[in-house]
Structures are given as C-alpha cells and as structure tokens.
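In what follows, a structure is listed as structure tokens, so that the remarks can point back to it.
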Protein chains: 2
Amino acid sequence: MVKSMTDSSNQHSATEPGATSMRRLNTQKVLKATWDRGLVTASELIELTSLTRATVLNQAKELVATGWLREAEDTRAAGAYSKGRPALRYELDAAKSVVAGIDAGQHRISLALADLRGKEIERRSLSVEPGACGEERLRITEELLRGTLEKHGVQKLGALVIGVPAPVDSGGFSPKVADGFWAAMNPDWRAQLAEYTHLFSVENDANLAAVAELGLEESDSFAALMVGERFGAGVVIDGHLLRGTHGLAGEMRFLSHVTGVGDALGLGYLAREQARHALAGGAESSLRRIPAELVRAEDVFQAAAQQDPLALEILESLGRRLAKVVAVISGFAGLQKVILSGAMAGILQPVIDIADRELAREPELTCVQLAVSELGAEVALQGAISRGIELVRATAPFETQNR
Amino acid sequence: MVKSMTDSSNQHSATEPGATSMRRLNTQKVLKATWDRGLVTASELIELTSLTRATVLNQAKELVATGWLREAEDTRAAGAYSKGRPALRYELDAAKSVVAGIDAGQHRISLALADLRGKEIERRSLSVEPGACGEERLRITEELLRGTLEKHGVQKLGALVIGVPAPVDSGGFSPKVADGFWAAMNPDWRAQLAEYTHLFSVENDANLAAVAELGLEESDSFAALMVGERFGAGVVIDGHLLRGTHGLAGEMRFLSHVTGVGDALGLGYLAREQARHALAGGAESSLRRIPAELVRAEDVFQAAAQQDPLALEILESLGRRLAKVVAVISGFAGLQKVILSGAMAGILQPVIDIADRELAREPELTCVQLAVSELGAEVALQGAISRGIELVRATAPFETQNR
DNA sequence: TCAGTAAATTTAGCATCTAAATAAATATCC
DNA sequence: GGATATTTATTTAGATGCTAAATTTACTGA
C-alpha cells in the first residue's frame, strides 16, 4: 500500500505539546500559595497545594527562573526550626513586589507604597489648591512619587493605581463635559507617570473605596458612598464592581430628579455652606465665634454635639437628604448595605441616626443598612493598593488563561 | 541505610492523577464544538478544536459513554458526502436536550419548548385571571406543561425556567411583603413542577428579558425595561446581569422618590387608567365610542395616531414619565441603552419620541439610547430558554471548574 | 477489480504528574 | 565524636493523555 502523506496534513498540527495547560494550573497553585503565605518551605507548599514534593520543587524552581520567586535558605536563621535537613524556603521576589496607590483628591494628594501582600511600606501626602489645574496636579504627584521611590530605592513599581474624583472608563479616560472639572481631576497621568511603573491604571476614587471595602465586607451587594464635597458611589453588586459606560456607574448627577435632593452636593459641602449662609443671614448660633468664611463642616458637627440649634437643624436636613439618596440607590440596585466613606465618615454618626429614622418610616421600601467605613479617611488609597496587587497578580504566569 | 517509610507519609497523597485537569479542558472543547455546530464529523471537530484526531475520537467516545453525545453514522444519508471512508458523526444527545421556558405573567402564562441550541420546538399559552391566586397559577401551568411534554413524548426536561413578575433571589424566593402580590406571582413552583425536569429555576421576568437581549446586544451595559402594568428592569452592567440582595436589583419602587413620577405604575396601566378617568370626568375624545370600562391602552395609542387631543395629552405625560425613569436609572448605573420590553413594546414609538425630546433637554445628564426590543412581546420566554440552556451547559463535564 | 480517497486505528515518543525508593543534611544522645 | 533519628531533597519507575506519524479500513468510481 502506498504511503499516504495526505493524512498528516489533516492532523492539523497544534501549537504546543498539550500538557502545558495542566502545568500552568500547578505553577499557579504554587505561586498563589507562596503569595498568600509570604515565606514558605517546600513542605508547606506540599501541604497547601496538595501536590507532590517533586512537582512543588519543580514548579518553584521554574518560578525562581522566571523571577517570580526567590530562594531564601535561612531555615536555621529563622528560629522556627528543629531537626533534620534544612528546608528550602521561597518568597515573592522583592523586585517585582512594590506597588503604589495614589489618591489624587481635590484638596490633597496621598500616596501609599506597599508590598504584594498588602503590607504598607510608606504613606505620605501633600496639599493642593482645590482649584489647581491638571498640569499642577501632575507636577505635585510626580514629585511625591519620585521622592518616595528614591527614599526606598525602588527602581520601578510593579503597579501604580491612581484614584480620582471623576468617572473613569475602562481606558482610563473621563467623559468630556463643559465645566472641565473632571478633566482637571483626570489629566494625562499615564504620559507623566508611566516611566515609574510596569502596570498603570486610573480609577474613580469611590470605586477604589468599594474595592477596599470588598476585602472586608461579608455582604456582596453594597455601595461605598463618598459624601464629602459631592456624592459619588462605588457600587458592588453580586460581588462585581460596576463600571458602566464611560465609567458612569455610581455617578450621582441623577439626584437632580430626586424629590427633596435636587443636586449631588455632598454632606460636607452642605454642612459648611448652609452654616455660612445662615450665619450671613443673621442666624443665632454658637458658631458665631468663628468667622463665617472659616466655618468648616467639622465645626457644625461639633456644635450639634453641643445642642446648637442651627447646627442641629442643618444635620437634620443632611440626614433627610442622606436617607433619600440611600433609599433611591439601594432600592434600584438591591443593595444590602451602604458604607459611608471619605474624610468625613468618622463624624457622620449623628447624620446616620437621622437617616435611619427616616428610612424606618418606609420599611417596605428599604431594607438597607447604613454604616460608616472602618477603613478611615484614606479608604481610596487602600483600594488603590488592592487594585495594584490585583493588576500584578493578573500578570502572573497563566492566571488570566483560566479566568 | 534504613528504609525510611516515614517519607511516604509526607508526600501528602493527592486525590487523583494530575493529568485529568487537561483532560477536562479537551473534553470541554469537543463538547462545546459539538454544541455550537449541532452535527459534526470527527474531522470537523479536529478543525474546530485544534486537537489531534486521536484525541478528538477519544473524547467523543467518552462523551458518548457519559451520555452527552450520540453517534450518528449517517454520512451517506446526509447528502454532503463524496468519497473515502465514511466519517463518524456526533450530535448532542436528544434525551438531554429539551428545555422549557415559562413566562408566568399576570394575565397570561406562556410556555416554549426548545432544544439545546435554542431552536424552538413549540410555543403555547393560556390566559389567567389577573387576580388568580398562586395555587390557581400552579394548576394552570402544570396543565400547560404536561400537555406539551406529552405531545412531544418528552419524559423529563433538561431544564425548566420560570419567569415571574416579582423580584426573585438566588434561591428562587421573593421577598415577603404585605400586599401578597409577589407571593401570588411566585408560589412554590418547585414543589409542583420539579418532577418534570432535571434542573429548575425561577427568575424575575425582566431579568429574563435582559438575558434574551444580552444575546443580541452589542452594548454591555443596558437595561431591559418592562413598561406594561408596572415598571421593572433587568439590568446588565459590564456584561453581568445584576441580581442584588433578595433579587431586588431593577426593582422600581424607588420611583416614589422621583419628581414627577411618584410610583412604579407602568405605561400600559396609566394609558388605560388615565383615559378611563378622563372619560369619566367628561373629557372630549374619540375614545368615547368605547365604553369607559373597556378602553385599553392600545385604544389610546390608536386614538393618538388619529390626533385625538386627549390621547395625545396622555402620551405626552407618559413620555415625560419615561424620560424621568430612564434618566434616573441610566444616570446611576451608567447604562448605554434602555430597551423597552414586554407586550406593549411594539406600539411605544410615539412615547419614545417624546421621551427622547425630553432627554435631549439635559444632554449633560444623559447619553443613553432608548430603543424598542426587537424580540417581540415574549422576550421573557426567550430569555427563559437561554437561561435553561445555560443551566444545562453548566452541568456539562467540568465546565464549572474552569470559571 | 483495482486504484484513489478519506477516514479510523495503531504505534511511538514526549511531557508531567504521582508514588516510592534513595540520598543528603542536620540535631540529639551517648 | 560517632551512631541514630529526623527532616528534607533527589532520583527512579509507572501512569496518563497528549501529538505525530504510520498503518489499516471502508468506501467510490472507472
């Protein structure tokens, strides 16, 4: 019989030896275990991954070769050792493992440096003029970043994530709108800062806050609500962070249609402005001791704590406003919880109490819980770090292929 | 040296031979290709999966053994054959491959039978008293289902999905609320119908409509808005269908807080009731020729097409209402598109035109597109079928493991 | 009946895993 | 200090499931 060479042509040669895909799975297991644990012996990896010793050591060797892991043969040095042959130990490679998060707020730009397990290395911040233009913000931010990296001898970051008070689409851009506020808050960060990092991302600050909360929350449908100068929400539903077209999910301009609300101005802004306005109008209040132009939101809350009538009245209106906002967003999105975030969160409890009272008047409509973030004023920063770690993680060998 | 039997104990015996995971991947490839294509020869599978012939035949053999595929050696019978050894052909096993979708609406209960590739086998429906209780609905539905299954000789369904006009949580339950409407719409389907199917699911009807649209839409952030008796939305953001706590995502009760709207009553309901009310109040209109209690929404739209002033006035108010609703939900969720669904969708264009005009007055607030569903009055039914297929698919060998 | 063709089947080789046996590095006890 | 126990690394054998190539089978058509 004649040799049929046609046959081989229909065997449709595949690109690679097939077994690679399993290989990837196991590489991942080992890397992930090391990531979660920090510093592990091969034996611990065997325990954690349910793989054979041979496999674990093989994968680890390869991960060391690719630069993901580092060998650290100090079994003795670390006290936790008794008898027998000293164990090999592995940890994440330090060079890959520094990420930075930046919260580029309207009044202040903050930066945090952390390792891939989320341990913070440094945090610092600078004030900005609230009206500063995009270029000015770029300049200050770069200064802040360069200084910090130099101090710690970091050549290049694993990832850099920037949070801004503007909607951001999946490409990092904000919608172009007449007033130019969003444009000033979200200038071309990439052009200025890309050289400092391997991976780069711009995100909405409320979304970053939501990411941070996601790490703590047991509920999987909630919003992180920024309530300072303007309302803004990072919305997580069924465990997914929503982005929406042009990044507009969680934008609050629709509040113009809500009865008794009318705009997206934040509780901090209103506390301050209502107080100033009332004082200018001659209202009686203990706040009079402060010059009207210098009254801050905090002062109003403090005065309310002292039973000052004007301050109490203001808080009452804020509470009603908050209740409305929460009722609408939780009603539509099916939120279990709304977490108040941002710089003011710490002092908001009195307003929450009022809002709770209001919400209780329509029990059919709302089964949502109101809470204050436990992550402090700089939630967004923490979210940025988390997101940065996530970004690095996504570049880990083959991980994306299995999503 | 002494034989160390202790060693084997630290090898932490893994459960299975490791190569299975890749096996799974390839099994999946073959199954998926067959699913998508319908009836394939091994050679086609080689082409589609980029696997070797040996592998494909092996996997196919196994899938036949597990009951997923069926061999169909009619290469000759099907005309498309020329020379050479006749090819083996495979297709999905028919026994596994019938799914049913039911749209259990307030006025009508519809049913569709389809195969796993979505090809409809039969569709039928029955009317119900709008006020019928849960038991009555169960009875009618079972009758409808049993009859259809008997006719086609189907013993047991691969999956059965029921759409109801009520929020449904991931367990299939609706929140318990005083008025009992949701309870009547979502009785204990499972107890009554589980015997007819392997997989069972209850879903909100608007969510099912959204699932159906998801198959056609190029946008990945949109809502399917039901506008008949009450508003209700199935919301897809970033390609994910939202459910929310207790299935409340897309619930419209929050409309009570929206200026100029005030409740979640649908366009169909309002067209009808406003017309009846106006006629009862003595308004002048061509609708007078119909007894007030028999005026339907359709009549109002028809009259408006004839320039009847009362009807035009009603449509104007509906258009403004729709614009409000759309502005709020798209504003908060970042929707690119809102698709009007349900029985009335076909005649709504005049209302959409008015809504578009209203939306254009605030271009900064809204960049959302309004459209009518192209899937006809029974979108939910189609969504139910899709969902059913998805459910069966999820039980396919190992597919879930790689998500 | 005998090429010709297209497909299935068999075979060899390879990669990567587990499991088991063996070797190495250290601690402890005498 | 040397034997022994202990812990770990390394090597080896066996299994699985893939690709690639060779071989066999089943049919068509002149």
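The chains referred to below are lettered A, B, ... by the order of the sequence lines, with proteins before strands, and numbering in each begins at 1.
Applying the 4.0 Å criterion to OP1 and OP2 of D:dC18, one finds that B:Gln59 has a side-chain N or O inside that range. Close to D:dG17, at under 4.0 Å from its OP1 or OP2, lies no side-chain N or O of B:Asn58.
When distances run from any side-chain atom of B:Ala87 to the nucleotides C:dA7, D:dA20, D:dT7, the shortest one goes to C:dA7. Of the listed nucleotides (C:dT9, C:dC17, C:dA25), C:dA25 has the atom at the smallest distance from the side chain of A:Pro86. The side chain of B:Ser43 lies closest to C:dA8, out of D:dT19, D:dC18, C:dA8. When each of D:dA9, D:dC27, C:dA7 is scored by its nearest atom to the side-chain atoms of B:Arg85, the top-ranked nucleotide is C:dA7. Residue B:Thr55 places its side chain closer to D:dC18 than to any other of C:dT26, D:dC18, C:dA24. Distances were taken from every side-chain heavy atom of A:Leu57 (C-beta onward) to each of C:dA8, C:dC17, D:dT10; the shortest belongs to D:dT10. When distances are taken from the side chain of B:Ala54 to each of C:dC17, D:dT19, C:dA8, the shortest belongs to D:dT19.
Under the 3.5 Å distance criterion, the side-chain polar atoms of A:Thr52 are left unmatched by any main-chain donor or acceptor of A:Thr55. In this structure, B:Ser221 contributes its side chain and B:Asp238 its backbone to a donor-acceptor pair below 3.5 Å.
In this entry the distance linking CD of B:Glu47 with C1' of C:dA6 reads 15 Å, nearest Å. Regarding B:Leu45, its CG atom lies at a distance of 17 Å from the C1' atom of D:dC18, rounded to whole Å. For the pair A:Glu44 CD and D:dA9 P, the interatomic distance rounds to 11 Å; values are reported in whole Å. Across the protein-nucleic acid pair, B:Gln28 atom CD and D:dC18 atom C1' stand 17 Å apart, rounded to whole Å. For the pair A:Arg53 CZ and C:dA24 P, the interatomic distance rounds to 16 Å; values are reported in whole Å. For A:Lys61 and C:dT16, the NZ to P distance is 13 Å, given to the nearest whole Å. To the nearest angstrom, C1' of C:dC17 lies 9 Å from CG of A:Leu51. One interatomic measurement links the two molecules: CG of A:Leu88 to P of C:dA24, which rounds to 16 Å at whole-angstrom precision.
There is no side-chain donor-acceptor pair under 3.5 Å between A:Arg117 and A:Ser97.
Both tests pass for A:Arg393 against the ring of A:Trp35: distance under 6.0 Å to the centre and angle within 45° of the axis.
Ionic pairing of B:Arg243 and B:Glu203 is present here: one or more N-O contacts between side-chain nitrogen and carboxylate oxygen are shorter than 4.0 angstrom.
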